[in-house]
Peer 1: 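Dumping the structure here so I can ask a few things about it.
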2 protein chains.
Amino acid sequence: MHDFTMKINEYLPLREVVFHTLRDAILRGELEPGEHLMEVQLANKLGVSRTPIREAIRQLQTEGLVIMTPRKGAVVAEITREDLTDVLEVRITLEKMAVALACENINQEEIARLKKCQQELENMLGNEKLTEIANKDEEFHDIIYEASGNKRLIQILNNLREQLYRYRIEYIKDEQKWVILVEEHNALIVAIENKDVDEAKKVIRKHIDNQRQTILENLKIN
Amino acid sequence: MHDFTMKINEYLPLREVVFHTLRDAILRGELEPGEHLMEVQLANKLGVSRTPIREAIRQLQTEGLVIMTPRKGAVVAEITREDLTDVLEVRITLEKMAVALACENINQEEIARLKKCQQELENMLGNEKLTEIANKDEEFHDIIYEASGNKRLIQILNNLREQLYRYRIEYIKDEQKWVILVEEHNALIVAIENKDVDEAKKVIRKHIDNQRQTILENLKIN
DNA sequence: CTAAATATATATGTATACAAAATACAAAAT
DNA sequence: ATTTTGTATTTTGTATACATATATATTTAG
């Protein structure tokens, strides 16, 4: 029998399409920090009306990617060193919370997924494009988020990651750091499997700290 | 000479006005969880067009107060016991982070504000309306947030508080708990002034835990 | 030549119109 | 009686028009 549920829900509101288009453009740097987002111009460029553009821009605002001023419009958010430090500081705190909860709540199926993901990540190093590796690394952390069981925590962590999206490649670029990354992930798996909360927190703190250092080093902003 | 800067920036976009109106209506319970928000109906009721209504509803969505489904519309979010537990859990983590940072970064002026605020709070107990007391209590915590110096942390904590707004009166109602509240606040001031991070974390955890217990007790939801 | 003033253009804010999908409901079929 | 199907109505999605504020260019006063 055929699967009729397959093509269901293929619909995406234009505002969503526009949102993702603009978001990607910002993260790729095609729309530069400080650049003015003009509704009519974008509408013409994307072949839609102003309405979905406006709604997409508002969504971008809540993600922190653009700054809106009433009657002046929206500009691509400048990310300052201070902003990034703040975000990363909060992220460390919440990642520690996530692994602590994961130690308590993770099940066998999730542990298996974690190991499988880690194995795939190791196999990709040197063979795949950096973005693919970065995606796999994010997947690894996603599994831990999910295992925490706290939906609000997951939501906030996903949003924080969004802010760092522009820099996620940077810390994968350096091949010398791959071995450290792999080691830290493995240490994390062991700690979580043993329900060793303190160890897990220690490892994740180190892990994110490394990323922080790399991101801040590669930052060409004030 | 007259103050011409006074009436400057009096302008609020309609979407902001509508947003606050709808938000209050939800928090007051006039718009009940599960209730469908219909654009034309709200537009007629508030005497504006659909455009600002739509934009306000989207803002409410990002605050977690409504749930939107494409082509179906928006409903007031049901707050489940699980949601609340999740929010409060995250809040404890972030409040601990806030007091820890406050211990490091707070200055004399802020400590003075904290003490003044606490004094005002004590004077209000029994004399003022509960909402006024709740406001003053929020002000107390706001000073600590600010003293942390982490803007992202402040933003997230403010957003989490938003979610709990409906219940903030509950834990002020019980007069027997006032003495505990005052004690905890004072203990917090001492700990922060002494830069005693561990003690401050301990106190704030207890403080929020008490609120959590009261909120969950008073909860009439699943 | 500079700076204030004014006119012009451009952008956002808001309202409205039209299209398409979802829902409600009644009639028909089983 | 229950399900199905067709139709009317409601509702959201998107486009567009108009009003008003802001930015830009131009003119004019000093």
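Labels below follow one simple rule: chain letters A, B, ... track the order of the sequence lines, proteins then strands, and each chain is numbered from 1.
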Peer 1: Identify, between Pro52(A) and Gly73(B), the residue whose nearest nucleotide on DNA chain D lies closer to the 5' end.
Peer 2: Gly73(B)
Peer 1: Decide whether Asn210(B) and Arg205(B) meet the rule of one side-chain donor and one side-chain acceptor closer than 3.5 Å.
Peer 2: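 No, no side-chain donor-acceptor pair sits under 3.5 Å.
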Peer 1: Give the rounded distance in Å between these two atoms: CD1 of Ile53(A) and C1' of dA15(D).
Peer 2: 12 Å
Peer 1: Side-chain N or O of Ser49(A) versus OP1/OP2 of dT14(D): is the shortest distance under 4.0 Å?
Peer 2: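 So the side-chain polar atoms of Ser49(A) never come under 4.0 Å of the phosphate oxygens OP1 or OP2 of dT14(D).
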Peer 1: It should be established whether Lys72(A) places a side-chain nitrogen or oxygen under 4.0 Å from OP1 or OP2 of nucleotide dA23(D).
Peer 2: yes
Peer 1: Just how far, in rounded Å, is P of dA15(C) from CG of Asn44(B)?
Peer 2: 12 Å
Peer 1: Please confirm whether the shortest side-chain N or O distance from Arg54(B) to OP1 or OP2 of dG13(D) is below 4.0 Å.
Peer 2: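 Affirmative; the distance criterion is met.
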Peer 1: Give a yes/no answer on whether the side chain of Tyr11(B) brings an N or O atom under 4.0 Å of OP1 or OP2 in dT14(C).
Peer 2: yes
Peer 1: State which residue, out of Leu157(B), Ile156(B), Ile154(B), fulfils the side chain to side chain contact (heavy atoms under 4.5 Å, CB included) condition with Val90(A).
Peer 2: Ile156(B)
Peer 1: Which of the following nucleotides, dT14(C), dG13(D), dT14(D), is nearest to the side chain of Thr51(B)?
Peer 2: dT14(C)
Peer 1: Using purine N1 to pyrimidine N3 plus N6-O4 or O6-N4 for Watson-Crick, or N1-O2 and O6-N3 for G-U wobble, each under 3.5 Å, what pairs with dA29(C)?
Peer 2: dT2(D)
Peer 1: In terms of side-chain heavy atoms of Arg71(B), which of dA11(C), dA21(C), dT16(C) is nearest?
Peer 2: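 The answer is dA21(C).
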Peer 1: Please tell me whether Gln211(B) and Tyr167(B) have a donor and an acceptor in their side chains that are separated by less than 3.5 angstrom.
Peer 2: no
Peer 1: Without decimals, in angstroms, what is the distance between Arg58(A) CZ and dT14(C) C1'?
Peer 2: 11 Å
Peer 1: To the nearest Å, how far apart are Met38(A) CE and dT22(D) P?
Peer 2: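 The distance from CE of Met38(A) to P of dT22(D) comes to 17 Å, rounded to the nearest Å.
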Peer 1: Tell me: CG of Leu46(B) to C1' of dA15(C), nearest whole Å?
Peer 2: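 Taking CG of Leu46(B) and C1' of dA15(C), I get 15 Å after rounding.
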Peer 1: Expressed as a whole number of angstroms, how long is the span from Arg50(A):CZ to dC18(D):P?
Peer 2: 14 Å
Peer 1: What does dT26(D) pair with, Watson-Crick or G-U, if both distances are under 3.5 Å?
Peer 2: dA5(C)
Peer 1: May I have the distance from Glu39(A) (atom CD) to dA17(D) (atom P), rounded to whole angstrom?
Peer 2: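 Going from CD in Glu39(A) over to P in dA17(D) covers 16 Å.
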Peer 1: With heavy atoms under 4.0 Å as the rule, sort Leu42(B) into base, sugar-phosphate or nothing.
Peer 2: nothing
Peer 1: Between Pro70(A) and Glu55(A), who's closer to the 5' end of DNA chain D by nearest nucleotide?
Peer 2: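 Between the two, 5'-proximity favours Glu55(A).
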Peer 1: With a 3.5 Å distance limit and no angle check, can you tell me whether Asn159(A) reaches the backbone of Gln155(A) through a side-chain donor-acceptor pair?
Peer 2: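 Here the side-chain-to-backbone pair does not exist.
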Peer 1: Rounded to the nearest angstrom, tell me the gap between atom NZ in Lys45(B) and atom P in dT11(D).
Peer 2: 14 Å
Peer 1: Hey, is the main chain of Gly149(A) close enough, under 3.5 Å, to the side chain of Asn105(A) for a donor-acceptor pair?
Peer 2: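 Looks like no, no N/O pair under 3.5 Å.
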